[in-house]
**Student:** 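Take a look at this one; I'll ask things after.
Within every chain, numbering begins at 1; the chains are lettered A, B, ... in the order of the sequence lines, protein sequences first and strands thereafter.
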2 protein chains.
Amino acid sequence: MPEGDLSPTGKPTINDLARVAGVSLATVDRVLNGRPGVRRATIDKVNKAIADLGYIRDTAAANLARRRVYRLLFILPDAANEFVDALITQVSIQGAQLSHQRTILGARTVPPFDPQAIVAMLDQLSPDEIDGVAVFGPETPAVRDAVTRARARGLAVVPLGAALPRAARYHFVPTDNYAAGRTAARLMGRFIDQPGPVLVITGSRLARDHLERRAGFDAVMTTDFPTLDVLPSVEGRDDPALIQRLLPDILRTVPNLRGIYSSAAGNAGLLTCLERERRRDNLVVIAHELTPVSRRALETGVFDAVISQNAGHLVRSAVRLLKATADQVPFDETQERIRIDIYLQDNMPPE
Amino acid sequence: MPEGDLSPTGKPTINDLARVAGVSLATVDRVLNGRPGVRRATIDKVNKAIADLGYIRDTAAANLARRRVYRLLFILPDAANEFVDALITQVSIQGAQLSHQRTILGARTVPPFDPQAIVAMLDQLSPDEIDGVAVFGPETPAVRDAVTRARARGLAVVPLGAALPRAARYHFVPTDNYAAGRTAARLMGRFIDQPGPVLVITGSRLARDHLERRAGFDAVMTTDFPTLDVLPSVEGRDDPALIQRLLPDILRTVPNLRGIYSSAAGNAGLLTCLERERRRDNLVVIAHELTPVSRRALETGVFDAVISQNAGHLVRSAVRLLKATADQVPFDETQERIRIDIYLQDNMPPE
DNA sequence: TTGAAAGCGTTACCAT
DNA sequence: ATGGTAACGCTTTCAA
């Protein structure tokens, strides 16, 4: 039961609030934006009107009046890594489109596997140059602290790819690496049809996301496919050349390898090596991230499945989260959940 | 090389256009919106200014001034079918959220498998009640014509779920049922480990999407898994009760069935039946759509995989397409492509 | 502590 | 055929 009449549009506006509360537009605005200089009693009157009318701010109009521009920054590792490449590409593509929607996207790279560089980068960011930052990188206490400091300074920060803490009240773009590892294991176990050893190639044995994937992989393997024997991880450091160097020896040493789980980047090396060795006698290969390299491998049948997170979705998600956080408005959780995509040669998206 | 100075904001506005072209705001607006009553020469002047300055209209401001409200309608089959239920739920959830963004979502149902009902529905829609329609239903020439008529009347129309024509210049939310069928076959073939018969349950042998799925399924089976024998489709008419009635006989008749591909709806019947029969000796079951029923089946291991299209994504996509079409602006193709999702028990999204 | 009024980029009505 | 101007819903000086 509304107190007074509403504007013809249906939705109440600040004009309705002003009228109902018996104050001016400016005062309503002050209350709405928590600006100082309003008496307690007046604040209450306005808040009552807000509640009574069920007022909801029109963000588009507010942003227009405010001439608001969202300046968002992506901090990415300077790694020659297909996934990071895809992210950078997406940031630039989407940045071009978003520039017409009062949103400026930027990307800065830091040395990979170097938390201190991220800390330094974060610490030099000021809220009057940047509104929000998406950070893709390893989680360390130092990074976590830098994130906290940045937030305290008024920056919106969202960790990307779940390499950062997933404390409940933080906004972040989540990835469940444990589940990704489990998924890889399930496919591996079901695709392989005889007992034998399985190889896992990881990036760094210290990187949290890699550890999580491995843990998930092992859990399923142990429980559901006990006849398969998972070997200790080989560290490929996301480096195609290194992987290409290491692999031949392993293939020679392990006689009847049944499967390879490439849980990190550097798939080009793996692919080259497998193509050269022509070891496609039932060897099941499962890798991560849908990139030009892995697409080709899926097409030719060298890879059997690819577990992937969509870089485009990740970037869009981060942008929405950053904006929502900057505006202090809630967002749709379910939309921001990043799926664990499974690609076979038959369901790859075109292009 | 810009002709004159731009406004302080960076992006040119209609004020800049007016100044550069030497005309009034009103005239610029007329040209921009293709309204009559402007001399050829004047139009050209304005267009030149637009090109020179690289002007791009601020949709938010335009919508504000215009008090634009998008009234979008979803036409869905009145089928007791999990996927349609999910769509209806999504329309209502997203409708609630979008109501604060000048967007009204509605849904109307028509009898299932009844093209004529869709035609009737479409034909009675007027552009002064509705701006856009998303149609989920069978493709027939009559429907196609009704869509054409609706478009001619000025309505934005997007076919949902690719049951409608995918002519290149139409905007539509695409689904590749053929690829979905292939994907199901690939998983089926790799999951099954001994030769034998495979059953396909379809909805209607006439529905185009079901036919496409079956075609894709057969293609992969024939080529890559010749030791598996795909039986003729059983028509379940998306009806759990019917499926539950039909299945026991079949299971009895076909001695060592290796797999079941449930390519349509009505999974509840399949599940009940399988649970009752306890026929879980290596029977591989692959179904469509992630619903409460299929989630449970995945968790308990009765289903081995589910091929799904995300209803939330589908609805969001349709809304974006409808708005873009109504506004006659381009949209991001890649974002609107609906993936063929594969879910195993390990990578189901929470909830 | 409060209000009036101008302005954000665009549209739309009323003149001319 | 063209221009002036109020208005959309909100923010932001500047005065009072």
Side-chain angles (χ1 to χ4, degrees), chain A residues 6-46 49-50 53-70 99-103 326-329, chain B residues 6-46 49-50 53-70 99-103 326-329:
Chain A
L6 289 111
S7 44
T9 330
K11 305 277 159 198
T13 72
I14 49 171
N15 286 291
D16 300 310
L17 294 182
R19 190 165 33 73
V20 170
V23 297
S24 75
L25 284 190
T27 298
V28 171
D29 183 71
R30 289 185 185 101
V31 175
L32 236 33
N33 294 289
R35 275 187 270 272
V38 189
R39 271 184 322 176
R40 185 73 240 172
T42 314
I43 295 182
D44 292 341
K45 269 194 299 187
V46 174
I50 292 177
L53 299 188
Y55 170 81
I56 293 183
R57 184 210 239 90
D58 180 332
T59 318
N63 283 346
L64 176 60
R66 202 179 266 164
R67 286 195 187 139
R68 197 196 203 315
V69 173
Y70 297 90
S99 69
H100 307 307
Q101 291 164 71
R102 309 172 163 275
T103 307
D327 290 344
Q328 318 213 57
V329 302
Chain B
L6 289 111
S7 45
T9 330
K11 305 278 158 199
T13 74
I14 48 170
N15 286 290
D16 301 310
L17 294 182
R19 189 165 34 70
V20 171
V23 297
S24 76
L25 282 190
T27 298
V28 171
D29 182 69
R30 287 186 187 101
V31 175
L32 236 32
N33 294 289
R35 274 186 272 271
V38 189
R39 272 185 320 175
R40 185 74 239 171
T42 314
I43 295 183
D44 292 341
K45 269 194 298 185
V46 174
I50 291 177
L53 299 187
Y55 169 81
I56 293 183
R57 181 211 242 93
D58 181 331
T59 319
N63 284 347
L64 175 60
R66 203 181 264 160
R67 285 192 187 148
R68 196 198 205 313
V69 173
Y70 298 89
S99 70
H100 306 308
Q101 290 164 71
R102 309 171 163 275
T103 307
D327 290 344
Q328 319 213 56
V329 301

**Student:** At 4.0 Å (heavy atoms only), tell me whether B/Thr42 reaches a base, stays on the sugar-phosphate, or touches nothing.
**Tutor:**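 Sugar-phosphate: the residue B/Thr42, judged by heavy atoms under 4.0 Å, touches backbone atoms but no base.
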**Student:** Ignoring the backbone of A/Ala62, work out which of C/dG3, D/dT11, D/dG3 is nearest its side chain.
**Tutor:** D/dT11
**Student:** Could you tell me how far apart A/Arg40 (CZ) and C/dT1 (C1') are, to the nearest whole angstrom?
**Tutor:** 15 Å
**Student:** Which part of the nucleic acid does A/Val28 contact within heavy-atom distance under 4.0 Å: base, sugar-phosphate only, or nothing?
**Tutor:** nothing
**Student:** Tell me the interatomic distance from B/Asp327, atom CG, to C/dT11, atom C1', rounded to whole angstroms.
**Tutor:** 14 Å
**Student:** Would you kindly give the CZ-to-P distance between A/Arg19 and C/dA4, to the nearest whole Å?
**Tutor:**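 Result: 15 Å.
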**Student:** Please give me the minimum heavy-atom distance between A/Lys11 and B/Ser99, naming the atom from each residue.
**Tutor:** CE-O, 3.5 Å
**Student:** Can you tell me how far C1' of C/dT11 sits from CG of B/Leu17, to the nearest Å?
**Tutor:**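 B/Leu17 atom CG is separated from C/dT11 atom C1' by 14 Å.
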**Student:** Can you sort out the partners of B/Asp29 under side-chain hydrogen bond (donor to acceptor under 3.5 Å, both in side chains), two or more places apart, ordered by chain and number?
**Tutor:** B/Asn33, B/Arg35
**Student:** Would you indicate whether the side-chain heavy atoms of B/Val31 and B/Val28 approach each other to under 4.5 Å?
**Tutor:** no
**Student:** Quick check: do A/Arg102 and A/Leu64 have side-chain heavy atoms less than 4.5 Å from each other?
**Tutor:**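 When only atoms from C-beta onward are counted, A/Leu64 and A/Arg102 do touch, with a gap below 4.5 Å.
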**Student:** Nearest whole Å is fine: how far is C/dC8 P from A/Asp58 CG?
**Tutor:**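 Rounding to the nearest Å, CG of A/Asp58 and P of C/dC8 are 18 Å apart.
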**Student:** Can you check whether B/Arg67 has a side-chain N or O nearer than 4.0 Å to OP1 or OP2 of D/dC8?
**Tutor:**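 The answer is yes; a side-chain N or O of B/Arg67 sits under 4.0 Å from OP1 or OP2.
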**Student:** Between C1' on C/dG9 and CG on B/Leu32, what's the gap in Å once rounded to a whole number?
**Tutor:**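 From B/Leu32 CG to C/dG9 C1': 11 Å.
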**Student:** Under the side chain to side chain contact (heavy atoms under 4.5 Å, CB included) test, which residues partner B/Ala65, sequence neighbours left out?
**Tutor:** none
**Student:** Would you tell me if any nitrogen or oxygen in the side chain of B/Thr13 comes within less than 4.0 Å of OP1 or OP2 on C/dC8?
**Tutor:**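 No.
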**Student:** Looking at five pairs on each end of the helix from C/dT1-D/dA16 to C/dT16-D/dA1, what is the angle between the two axes, given to 10 degrees?
**Tutor:**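 Inter-axis angle at the termini of the helix from C/dT1-D/dA16 to C/dT16-D/dA1: 50°.
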**Student:** Does C/dT10 have OP1 or OP2 sitting under 4.0 Å from an N or O in the side chain of B/Arg57?
**Tutor:**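 The answer is no; no side-chain N or O of B/Arg57 sits under 4.0 Å from OP1 or OP2.
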**Student:** Rounded to the nearest angstrom, tell me the gap between atom CD1 in A/Ile14 and atom C1' in C/dG3.
**Tutor:** 13 Å
**Student:** Quick one: is D/dG3 close enough that its OP1 or OP2 comes under 4.0 Å of any side-chain N or O from B/Ser24?
**Tutor:**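 Result: yes.
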**Student:** Given side chains that start at C-beta, do those of A/Val329 and A/Thr59 come closer than 4.5 Å, heavy atoms only?
**Tutor:** no
**Student:** Name the closest nucleotide to the B/Thr27 side chain, picking from D/dC10, C/dT10, D/dG3.
**Tutor:**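 Per side-chain heavy atoms of B/Thr27, the pick is D/dG3.
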**Student:** Kindly give the atom pairs (protein nitrogen or oxygen, nucleotide nitrogen or oxygen) under 3.5 Å for nucleotides 12-16 of chain D.
**Tutor:**
residue : atom : partner : partner atom : Å
D/dT12  : OP2  : A/Arg35 : NH1          : 3.3

**Student:** Does B/Ala60 have any side chain to side chain contact (heavy atoms under 4.5 Å, CB included) partners at least two apart in sequence or in another chain, and if so, which?
**Tutor:**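 For B/Ala60, the residues satisfying side chain to side chain contact (heavy atoms under 4.5 Å, CB included) (neighbours in sequence not counted) are A/Ala60, B/Asp58.
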**Student:** Output side-chain donor-acceptor pairs under 3.5 Å for residues 38-46 of chain B, partner residues at least two apart or in another chain, one line each.
**Tutor:**
residue : atom : partner : partner atom : Å
B/Arg40 : NH2  : B/Asp44 : OD1          : 3.1

**Student:** For B/Ser24, which residues count as a side chain to side chain contact (heavy atoms under 4.5 Å, CB included) partner, sequence neighbours excluded?
**Tutor:**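 With neighbours one apart ignored, the set is B/Ala26, B/Thr27.
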**Student:** Could you tell me which residues satisfy side-chain hydrogen bond (donor to acceptor under 3.5 Å, both in side chains) with A/Tyr70, sequence neighbours excluded, listed by chain and number?
**Tutor:** A/Asn63, A/Asp327
**Student:** Tell me: CD1 of B/Ile50 to P of C/dG9, nearest whole Å?
**Tutor:** 16 Å
